[in-house]
Enquirer: 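Have a look at this one before I ask anything.
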Number of protein chains: 2
Amino acid sequence: MATLGRRADGMSLSQLAEHLGLAEGTVSRALNNYPDIAAKTRERVANAAREFGYRPSSAARRLARGVIETVGFVLPARGAHLSDPFLSEILDGLAVELAAHDWDLIVAAVPEDHDEIEVMDRLVKSGKVGSFVITRTRRQDPRVAFLKSSNLPFVVHGRTDEHDDYSWLDVDNKKAFVDAVTYLHGLGHRRIAMLGGDTEMNFAWLRRAGYLQAMEDLGLELAPGYLVDNVADGAGVANAMAGLLALAPAPTGIVCVTDSVAIDAIAAIRRAGLTPGREISVTGYDGLATGAAIDPPLTTMSQASYEAGREVGRMILALHNSTKPQISHILWEAKLTLRASANPPVTAPAN
Amino acid sequence: MATLGRRADGMSLSQLAEHLGLAEGTVSRALNNYPDIAAKTRERVANAAREFGYRPSSAARRLARGVIETVGFVLPARGAHLSDPFLSEILDGLAVELAAHDWDLIVAAVPEDHDEIEVMDRLVKSGKVGSFVITRTRRQDPRVAFLKSSNLPFVVHGRTDEHDDYSWLDVDNKKAFVDAVTYLHGLGHRRIAMLGGDTEMNFAWLRRAGYLQAMEDLGLELAPGYLVDNVADGAGVANAMAGLLALAPAPTGIVCVTDSVAIDAIAAIRRAGLTPGREISVTGYDGLATGAAIDPPLTTMSQASYEAGREVGRMILALHNSTKPQISHILWEAKLTLRASANPPVTAPAN
DNA sequence: AACCCTACCGAAAGCGCTTTCGGAAGTCAA
DNA sequence: TTGACTTCCGAAAGCGCTTTCGGTAGGGTT
C-alpha cells in the first residue's frame with residue numbers, strides 16, 4: 001500500500017480523505033466551500049478536520065493556487081531604531097488584522113552589506129511575499145519607486161513627496177505642527193523656534209512645513225537660526241540648543257520634531273540655568289510614556305499606532321480582494337496631549 | 001508546445017533550464033552544488049541564474065524538500081508594549097542573522113479572542129514555521145511547555161523557572177541586581193528598597209532575587225515594605241513611591257526593575273519635595289535613551305539587544321544544522337551605565 | 001581491442017494541495 | 001418508462017521545485 005503523505009507537522013489531506021472515505025479533491029472542495037458539495041458531506045468533513053486539527057500545508061496551497069497570502073515588512077535601517085518607538089504596536093496591529101484572514105507577515109531586516117531594495121527583491125523573486133507594507137518613508141523613497149515599478153500591491157504607513165498613485169495611511173504631520181505653533185501663539189509666544197529632524201524623512205519634512213506655514217499664517221517672524229534642521233538625538237540637541245540659547249532674542253517657545261528631541265531640549269534648557277516651561281516652553285511629538293514623568297511633564301502629540309497597523313492591514317487585504325484595486329488615502333489627526341512644558345512666556349511678547 | 005511555467009514573480013526553473021538547453025534536474029543540482037555536475041556547467045548555470053535574477057520558489061522548494069526554513073516569532077501580548085523597548089532591535093538582529101542563510105522570520109500577533117498557544121499551533125500545523133523564538137518569558141510559560149511537547153526546535157530569549165532542557169540566551173538579571181544593590185551599598189547606602197515588576201515575569205523575578213540576595217549577603221536589613229512587587233508604570237509607581245516615602249525610616253536608595261519605573265520614581269521623589277540622587281538615589285535597568293536626558297541622568301544597566309537577536313538567530317540555525325541538536329545556554333552580563341541618579345546618601349548611614 | 005570506471009546529465013517520481021472535467025446516481029416532468 | 005436535468009463526487013492534471021536512479025560517453029587499463 002502506498003503510504004499516505006505524512007506531514008511532520010500534522011495531518012495531510014490524503015490522510016483526512018482516507019479517513020473519511022472520500023477523494024482528496026472532494027475534501028478539499030468541502031473545506032473551501034465549493035457549491036458542488038452536499039451540505040451533509042461538507043459538515044462531516046468540517047468536523048473531521050476540526051477533530052484532527054487539520055490545516056492545509058500553506059506551501060502546497062500556495063503552489064497550487066499561485067496566490068501569496070503573505071505580506072513583507074522591511075525593518076527600518078539600523079540606527080533609526082530609537083526614533084521609532086511604536087514599531088511593535090504597528091506590527092502588532094498589522095499582524096492581528098492579517099491573522100484574521102489567515103495571512104502572514106514576514107519581517108525582514110537589511111544586512112550590513114545590502115540595501116532595502118535587494119532585500120525586497122529577494123523576497124519577491126522567491127515568492128515569499130506578495131505585497132508589502134513600508135513605514136518611515138523618505139521624501140524620495142527608493143522602496144516606493146521599486147514597488148511601483150514592480151506593480152506589487154503595497155501600502156505605505158506615511159507618504160512620499162508624490163503620493164497620489166498608491167495607497168497610504170498617514171498622520172497629518174503638517175497640521176499637527178501648525179497646531180503646535182498655533183497653540184504656543186495662543187499662549188502668548190511670539191518667538192517660536194523649531195528643532196527639526198532629518199529633512200530627508202517625510203514626517204520630519206512635513207512637520208517642518210507645518211511650522212513654517214503656521215509662522216507665516218500667524219505673521220510671526222522667522223528669525224535667522226530659529227529653524228534648526230537635522231537635529232540628531234543626544235549631542236545633536238545639545239548643540240542645537242546651545243545655538244538657540246545664544247540667539248538674541250532667544251526664542252520663548254520651541255516645537256520639537258519628536259519627544260526624544262524635546263526631552264533632550266528640556267535637559268539643555270535646565271543645564272543653561274533656565275526653567276523649561278517658564279522662560280522657554282517646549283512641545284514634542286510621539287506621546288512617549290516617559291514624557292509624562294519628566295519635569296515638567298511634556299506637552300506633546302500622539303498617534304494611534306496599533307490602530308494604524310490594523311488599518312494598514314485592512315488596506316492591504318482590500319487591495320487583494322477587489323479585482324479593481326482601489327487605492328485609498330487615509331489621513332489621521334494627531335492628538336494633542338496638554339501637560340506642563342508649554343505655558344505662557346514669562347516675559348511679555350515683543351509683538 | 002507546453003507553455004513553460006511562468007511565475008508571476010520571476011523566472012521558473014523550467015524557463016531557465018530551457019534557456020540553457022539542460023534538464024530541470026540538472027539545473028537544480030547545479031544551483032545546489034551537487035558534486036555530479038561538471039564545473040563548467042555549474043558555472044554556466046550560475047551565470048544564467050544571476051543574469052535573470054532567478055530565485056527558486058520557496059513554496060515549491062519547501063514542498064519538495066520538506067524542510068521549513070522559517071522561524072516564528074509571536075509578539076508579546078498587548079499591553080506589555082511599553083515594557084519592551086528593544087523589540088525592534090531583537091527582531092532586527094534575528095532577521096539579519098536568518099537572512100544570511102536565506103531563512104525567514106514570520107511575526108505573528110495574538111488576536112483578542114485567542115491565546116498564544118493557538119497562534120503558535122496554527123503556524124505549525126499549516127507548516128508555515130518550523131521553529132520558534134520566544135521572548136519575555138514568564139516563570140511558568142505555557143509557550144515553553146507547548147514547544148517542548150511538540151518537539152519543535154526553539155530558542156528562548158530569557159528563561160523560565162526550569163530551563164535545563166532547552167536552548168536559551170539570557171542576561172544575568174540576578175547578578176545585575178546584586179551589582180546594583182552592591183553599588184549603592186558601596187556608595188554608603190544601607191536602607192535600600194526595590195520597586196519590582198510583575199513577579200510572574202521571569203526577568204522581574206530574577207531581578208527581585210538579585211536584590212534579595214545582595215541584601216542578605218551584605219547583611220542589610222530588609223525592612224517591611226522595602227520590597228514592592230508588581231509595580232505598574234505610571235500610577236503604579238506613584239502609589240508605590242508614596243508608600244516608600246511614608247516609611248520610617250524611608251529608604252535612601254531604590255533599585256527599580258526598569259528605567260521606565262525609575263523615571264517615574266524620580267518624578268515622584270521630586271514631587272515629594274526631595275531631590276532625586278541626593279536624599280534618595282535611584283537606579284534603573286534598560287538603558288533607555290531618555291534616561292540620559294532626565295534630571296538627574298539615570299544610572300542604569302543595559303543589555304545588547306541587537307546582538308542578542310543575532311545570537312539567538314545563530315542558535316536557531318545551529319539547532320537545525322547539527323544532526324544532534326545541541327542545546328546551549330548563554331548568559332550575558334548587563335552593562336552598568338553610571339550617571340547621576342545614584343550618589344552617596346546625604347544622611348550618614350546608620351550602619 | 002575489450003574491459004571497467006568515472007564523470008556527467010536526463011528522466012521521472014513525488015512533495016500536498018487546488019481545480020477542472022466528466023460521469024454516475026438521483027430527480028422530475030412528460 | 002424515457003429523456004433531460006441536477007446533484008454530487010472521483011479522477012487526474014498540474015503548481016515549481018528536489019532527488020533518486022539509470023544510462024551514455026569518454027578515459028584508463030591490461
Side-chain angles (χ1 to χ4, degrees), chain A residues 1-45 49 52 54-69 102 124-128 130, chain B residues 1-45 49 52 54-69 102 124-128 130:
Chain A
M1 119 185 187
T3 59
L4 258 15
R6 300 211 150 266
R7 290 167 46 191
D9 44 28
M11 166 174 265
S12 67
L13 221 212
S14 62
Q15 290 174 57
L16 186 60
E18 195 216 28
H19 171 86
L20 287 164
L22 292 172
E24 295 186 24
T26 305
V27 176
S28 173
R29 271 171 298 149
L31 256 12
N32 289 295
N33 292 316
Y34 273 61
D36 66 343
I37 299 292
K40 207 166 47 184
T41 305
R42 191 199 320 285
E43 195 177 349
R44 204 162 69 85
V45 171
F52 294 114
Y54 168 77
R55 295 219 163 247
S57 149
S58 85
R61 189 160 215 266
R62 174 176 306 181
L63 195 54
R65 307 203 332 158
V67 175
I68 303 178
E69 296 180 329
D102 247 294
V124 174
K125 288 268 180 56
S126 55
K128 288 172 173 175
Chain B
M1 118 185 186
T3 59
L4 259 13
R6 300 210 149 268
R7 292 168 43 193
D9 46 27
M11 167 176 262
S12 67
L13 221 213
S14 62
Q15 289 174 56
L16 186 60
E18 196 216 28
H19 171 86
L20 288 164
L22 292 171
E24 294 186 23
T26 303
V27 175
S28 173
R29 273 171 295 148
L31 256 14
N32 290 297
N33 292 314
Y34 273 60
D36 67 341
I37 299 293
K40 207 165 50 185
T41 306
R42 190 199 321 283
E43 194 177 349
R44 205 160 70 86
V45 171
F52 294 114
Y54 169 77
R55 294 221 163 247
S57 150
S58 84
R61 191 161 213 267
R62 173 175 308 182
L63 195 55
R65 305 202 336 158
V67 175
I68 304 179
E69 297 181 327
D102 248 295
V124 174
K125 288 269 180 56
S126 55
K128 286 171 174 174

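Chain A is the first sequence line, chain B the second, and so forth, proteins listed ahead of strands; every chain is numbered from 1.
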Enquirer: Whole Å only: how far is the CZ atom of A:Arg55 from the C1' atom of C:dC17?
Expert: 15 Å

Enquirer: Measure the NZ-CD1 distance between B:Lys128 and B:Ile68 for me, rounded to the nearest 0.5 Å.
Expert: 11.5 Å

Enquirer: Give the rounded distance in Å between these two atoms: CG of B:Asp36 and C1' of D:dT24.
Expert: 14 Å

Enquirer: Between P on D:dG10 and CD on A:Glu18, what's the gap in Å once rounded to a whole number?
Expert: 13 Å

Enquirer: Between A:Asn32 and C:dT18, does any side-chain N or O lie under 4.0 Å from OP1 or OP2?
Expert: yes

Enquirer: Quick one: which of D:dG10, D:dC17, C:dC17 gets closest to the side chain of A:Leu13?
Expert: C:dC17

Enquirer: Just checking A:Ser57: base, sugar-phosphate only, or nothing, at a heavy-atom cut-off of under 4.0 Å?
Expert: sugar-phosphate

Enquirer: Counting any heavy atom closer than 4.0 Å, what does B:Gly66 reach on the DNA or RNA strands: base, sugar-phosphate only, or nothing?
Expert: nothing

Enquirer: Could you check how far CZ of B:Arg61 sits from C1' of D:dC17, rounded to whole Å?
Expert: 9 Å

Enquirer: Starting the side chain at C-beta, find the nucleotide from C:dG16, C:dC9, D:dT19 nearest to B:Ala38.
Expert: C:dC9

Enquirer: What is the distance, to the nearest angstrom, from the CG atom on B:Leu63 to the C1' atom on C:dG14?
Expert: 9 Å

Enquirer: Let me know the distance between CD of A:Glu69 and P of C:dC17, rounded to the nearest Å.
Expert: 15 Å

Enquirer: Give, for atom CG of A:Leu22 and atom OG of A:Ser28, the distance between the pair rounded to the nearest 0.5 Å.
Expert: 12.0 Å

Enquirer: Could you check how far CG of B:Leu31 sits from P of D:dT19, rounded to whole Å?
Expert: 12 Å

Enquirer: Assuming nearest nucleotide by heavy-atom distance, tell me which of B:Thr26 and B:Ala60 is located more 5' along DNA chain C.
Expert: B:Thr26

Enquirer: Ignoring the backbone of B:Ala64, work out which of C:dC9, C:dC15, C:dC17 is nearest its side chain.
Expert: C:dC15

Enquirer: Checking side chain to side chain contact (heavy atoms under 4.5 Å, CB included) against A:Tyr54, which of A:Met11, A:Gln15, A:His19 comes through?
Expert: A:Met11

Enquirer: Mind checking if B:Ile37 touches a base, just sugar-phosphate, or nothing, with heavy atoms under 4.0 Å?
Expert: sugar-phosphate

Enquirer: Taking only the side-chain heavy atoms of B:Tyr54 (C-beta and beyond), determine which of D:dC17, C:dG16, C:dG10 contains the nearest atom.
Expert: D:dC17

Enquirer: Is the phosphate of C:dC17 approached by A:Ser14 (side-chain N or O, under 4.0 Å from OP1 or OP2)?
Expert: no

Enquirer: Can you tell me if B:Arg29 uses its side chain to pair, donor with acceptor, with the backbone of B:Tyr34 under 3.5 Å?
Expert: no

Enquirer: Checking all strands, does B:Arg29 fall into the base, sugar-phosphate, or nothing category for heavy-atom contacts under 4.0 angstrom?
Expert: base

Enquirer: Nearest of C:dG16, C:dC9, C:dT19 to any side-chain atom of A:Arg65?
Expert: C:dT19

Enquirer: Would B:Asn32 and B:Arg65 count as having a side-chain donor-acceptor pair, cut-off 3.5 Å?
Expert: no

Enquirer: State which of C:dC17, D:dT18, D:dC9 makes the closest approach to the side chain of B:Ser28.
Expert: D:dT18

Enquirer: For B:Val27 and A:Arg42, take the nucleotide of DNA chain D holding the closest heavy atom to each; which residue's nucleotide lies nearer the 5' end?
Expert: A:Arg42

Enquirer: Considering only side-chain heavy atoms of B:Tyr34, which listed nucleotide, D:dT20, C:dT19, C:dC17, is closest?
Expert: D:dT20

Enquirer: Round to a whole Å and report the spacing from CD of B:Glu24 to C1' of C:dC8.
Expert: 18 Å

Enquirer: Kindly say whether A:Leu20 contributes a backbone atom to a donor-acceptor pair with the side chain of A:Arg44 at under 3.5 angstrom?
Expert: yes

